[in-house]
Amino acid sequence: MSVRKVGVRGIGAYTPPKVVTNFDLEKIVETSDEWIFTRTGIRERRIAEPDMATSDLSYMASKIALDSANLTPGDLDLIIVATVTPDMFFPATACILQDKLGATCPGFDLSAGCSGLIYALSVGAQFIANGMYDNILVVGGETLSKIIDWQDRSTCVLFGDAASAVILGPLDTGGFRSFVLGADGGGGKLLELPAGGSRLPASYETISQRLHFIKMNGRDVFKFAVRVMEEASLEAIDKAGLTLKDIDLFIPHQANIRIIESAAERLNVPKDKFFVNLDRYGNTSSASVGLALYEAFLEGKIQKSSKILMVGFGAGLTWGACVLEW
Ligand code: COA
């Protein structure tokens with residue numbers, strides 16, 4: 001089997017219109033704009049309406065990506081949705097999205113926390129590289145607002161809702177030059193949603209103990225994030241046969257500006273090479289890297305043959321990085 005080059009044929013993202021600022025959060029938990037901004041860099045986030053689910057945001061992002069690739073849903077060979085907030089356990093959000101789009105291809109979901117999009121891109125890229133498929137829709141979609149504990153100030157200020165979508169296809173030149181994926185299940189307890197699965201099915205007790213919401217050890221996740229951002233970035237760049245200086249733009253997972261700045265310092269890369277939009281969206285988990293890539297593209301920060309490093313980390317614990325030549 002010959003190996004084909006794989007690249008990005010189209011890209012899109014969607015955020016719900018409702019803006020929730022740090023000042024709005026001051027009214028529901030004991031916090032302040034000053035605390036949130038200095039500790040995280042976040043000013044505001046987007047929150048989906050109660051009747052909006054992950055597939056709805058994913059649909060909007062996918063339409064934009066399909067248009068930018070000049071493709072119709074009927075052209076798709078596969079849909080992969082990375083999410084930790086699927087519409088429901090089953091059917092897969094990818095199948096719900098397939099139906100909404102009017103596509104006829106197979107689809108499945110992938111759960112890798114905030115590294116989800118990078119994991120999903122690596123999976124999609126294999127199908128194209130080996131010649132099995134030509135056009136793959138990869139989505140990172142989240143409605144984290146539905147699993148946030150709005151009484152827990154240590155987590156509710158961090159997250160937001162969004163979807164991003166990437167169309168992968170075969171290319172003659174450029175495309176993905178490396179992927180690095182990692183996991184440390186031993187750290188799973190640092191960031192989890194304890195109940196609702198087969199370990200702790202929904203019960204009056206799990207609900208009264210608020211176990212259907214995100215639980216996080218922020219300090220330990222912070223330390224893990226700073227370490228893997230550096231290690232995974234260096235590994236992906238090395239695997240691509242490049243050096244740090246060759247990278248034109250860094251697209252990091254948008255969790256916390258202090259994590260991004262620490263990574264930039266450890267890598268000795270100027271901070272302005274790191275794209276940041278977390279001030280407006282917070283941490284949108286699987287959607288975050290794609291949303292940043294899309295906005296960087298719209299802002300003209302990505303040109304033909306730009307070399308881009310994407311790097312993420314999240315629940316699992318997981319991490320992932322890739323080098324993409326545009
Ligand atoms: N407003 C005001 N005070 C808050 C607060 C809030 N929203 N959240 C926590 N605090 C308080 C804490 O209760 C603590 O008070 P104490 O010292 O009296 O106990 C104090 O602020 C400091 O908390 P600490 O946890 O040390 O803050 P921090 O500097 O580590 O920042 C995070 C907290 C969550 C912002 C930071 O740890 C972080 O970003 N971690 C990574 C999280 C992440 O990225 N998760 C997603 C991974 S994909």
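Since the model is a prediction, treat every value here as computed from it, not as a measurement. When reading the values below, keep in mind they use all heavy atoms of this one structure, side chains included, and skip hydrogens, waters and symmetry mates. Counting begins at 1 with the first residue of the sequence.
Between the T206 side chain and the A202 main chain, no donor and acceptor come within less than 3.5 Å of each other. Listed for the D87 side chain is no donor-acceptor partner under 3.5 Å among the backbone atoms of A53. For the pair R153 (side chain) and V29 (backbone), a donor-acceptor distance under 3.5 Å is absent. Not one N or O on the side chain of D77 forms a donor-acceptor pair closer than 3.5 Å with the backbone of I136. A donor-acceptor pair under 3.5 Å links the side-chain atoms of Q98 to the main chain of C105, judged by distance alone.
Considering CD of E295 and CD1 of I251, their distance stands at 10.0 Å, rounded to 0.5 Å. Atom-to-atom distance recorded for F275:CZ and I308:CD1 is 11.5 Å, nearest 0.5 angstrom. With rounding to the nearest 0.5 angstrom, the CZ atom of F222 is 14.5 Å from the CG atom of L190. Interatomic distance, R258 CZ to R39 CZ, rounded to the nearest 0.5 Å: 6.5 Å. Residue R280 holds its CZ atom at 9.5 Å from CD of Q254, rounded to the nearest 0.5 Å. With rounding to the nearest 0.5 Å, the separation of CD1 in I96 from OG1 in T54 is 9.5 Å.
Contact check for D33 versus T21: no side-chain heavy atoms found under the 4.5 Å cut-off. Using a 4.5 Å cut-off on side-chain heavy atoms (C-beta onward), S68 and F297 make no contact. Between V311 and F250 the shortest side-chain heavy-atom distance does not fall below 4.5 Å. Between S164 and L293 the shortest side-chain heavy-atom distance does not fall below 4.5 Å. No side-chain heavy atom of D184 sits under 4.5 Å from any side-chain heavy atom of F224. Using a 4.5 Å cut-off on side-chain heavy atoms (C-beta onward), T31 and N22 make no contact. Looking at L121 and L168, their side chains come closer than 4.5 Å, going by heavy atoms from C-beta outward. In this structure the side chain of V84 never reaches within 4.5 angstrom of the side chain of L193, judged on heavy atoms.
At most 12 heavy atoms of other shown residues, nucleotides or ligands fall within 6.0 angstrom of atom NZ in K5.
Residues F179 and L249 share a hydrophobic cluster, clusters being chains of Ile/Leu/Val/Met/Phe/Trp/Tyr side chains in contact below 4.5 Å. I259 and I214 fall within the same hydrophobic cluster, where Ile, Leu, Val, Met, Phe, Trp and Tyr residues are linked whenever their side-chain heavy atoms come under 4.5 Å apart, directly or through other members.
Between K273 and I247, the closest heavy-atom pair is NZ-O, 2.7 Å. In terms of heavy atoms, Q209 sits closest to K215 at O-NZ, 4.3 Å. Taking each heavy atom of A13 and L291 in turn, the nearest pair found is CB-CD1, 3.6 Å. For the pair S286 and G141, the tightest heavy-atom approach, listed with the atom from each and the gap, is CB-N, 4.2 Å. L244 and I237 get closest at one heavy-atom pair: CD2-CD1, 3.5 Å. Across every non-hydrogen atom of A255 and N283, the tightest pair is CB-ND2, 3.7 Å.
Using the six-membered ring where Trp is involved, H253 and F313 have ring planes that are perpendicular, over 60° apart on the 30 and 60° scheme.
For the side-chain hydrogen bond (donor to acceptor under 3.5 Å, both in side chains) with R9, the lone residue among N70, N135, D134 that qualifies is N135. Shown are T15, D279, L25; of these, the side-chain contact (heavy atoms from CB on, under 4.5 Å) with R45 is made only by L25.
Under the 3.5 Å distance criterion, with hydrogens and angles disregarded, a donor-acceptor pair is assigned to the side chains of D161 and S145. Under 3.5 Å, the side chains of E142 and T85 contain a donor-acceptor pair of N or O atoms. When only modelled atom types and interatomic distance are considered, E26 and S32 share no side-chain donor-acceptor pair under 3.5 Å.
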List the atom pairs, donor and acceptor, that lie under 3.5 Å between side-chain atoms in residues 316-326 and the rest of the protein, sequence neighbours left out.
residue	atom	partner	partner atom	Å
T318	OG1	A112	O	2.9
T318	OG1	S115	OG	2.7
T318	OG1	A315	O	3.1
E325	OE1	R177	NH1	2.9

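Grouping Ile, Leu, Val, Met, Phe, Trp and Tyr by side-chain contacts under 4.5 Å, direct or through others, puts L57 with Y14, M52, Y59, M60, L66, L71, L76, I79, V81, L97, L101, L137, V139, I167.
For K301 and D248, the salt-bridge test fails: no basic side-chain N is under 4.0 Å from an acidic carboxylate O. A salt bridge does not link D246 to K307: none of the charged side-chain nitrogens sits closer than 4.0 Å to a carboxylate oxygen.
Relative to the ring axis of F37, R43 places its NZ or CZ within 45° and under 6.0 Å from the centre.
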